[in-house]
Amino acid sequence: MTGRPVKHSLSLRGHRTSVSLEEAFWNEFRAIARAEGKALNALAAEIDETRGLEAGLASAIRVYVLKYVKARAGR
């Protein structure tokens, strides 16, 4: 596994977009979507709706994953 970002396409409310995340973040993001019983695109759309204009979607997903993992770890 490398630290280089990997680009994947997502569909957000019918609009296609590409997001580049490191493989570790993609793996956790997929695991979170499964744990929450949501499609990956649906979870990405939720994150997209709540992010501010100052944050890109990839950054917003990374922060979401970090907060989720920390919450599960009890921190």
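Here the structure is a predicted model, which means the values were calculated and not measured. Here, residue 1 is the first one in the sequence, and each next residue gets the next number.
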Looking only at heavy atoms, which two atoms of Leu12 and Asn41 are closest? And how far apart? CD2-O, 3.9 Å
Are any non-hydrogen side-chain atoms of Arg62 and Leu21 less than 4.5 angstrom apart? yes
Let me confirm one number: the CH2-OG distance from Trp26 to Ser20, rounded to the nearest 0.5 Å. 8.0 Å
So, using side chain to side chain contact (heavy atoms under 4.5 Å, CB included) as the criterion, who are the partners of Arg16 when residues are at least two apart? Ser9, Ser11
Can you list every side chain to side chain donor-acceptor pair (under 3.5 Å) pair that touches residues 47-60, not counting sequence neighbours? Arg13-Asp48, Asp48-Arg51
Show me, pair by pair, the donor-acceptor contacts under 3.5 angstrom made by side chains of residues 65-72, not counting sequence neighbours?
| residue | atom | partner | partner atom | Å |
| --- | --- | --- | --- | --- |
| Tyr68 | OH | Glu36 | OE2 | 2.9 |

Between Lys7 and Glu23, is there a side-chain N and carboxylate O pair less than 4.0 Å apart? no
For Ala44 against Leu57, the heavy-atom pair lying closest together: O-CD1, 4.1 Å
Identify whether Leu10 and Val6 are in the same connected component of the hydrophobic contact network (ILVMFWY, side-chain heavy atoms under 4.5 Å). yes
In short, Ile47 meets Phe29 closest at the heavy-atom pair CD1-CE1, 3.7 Å
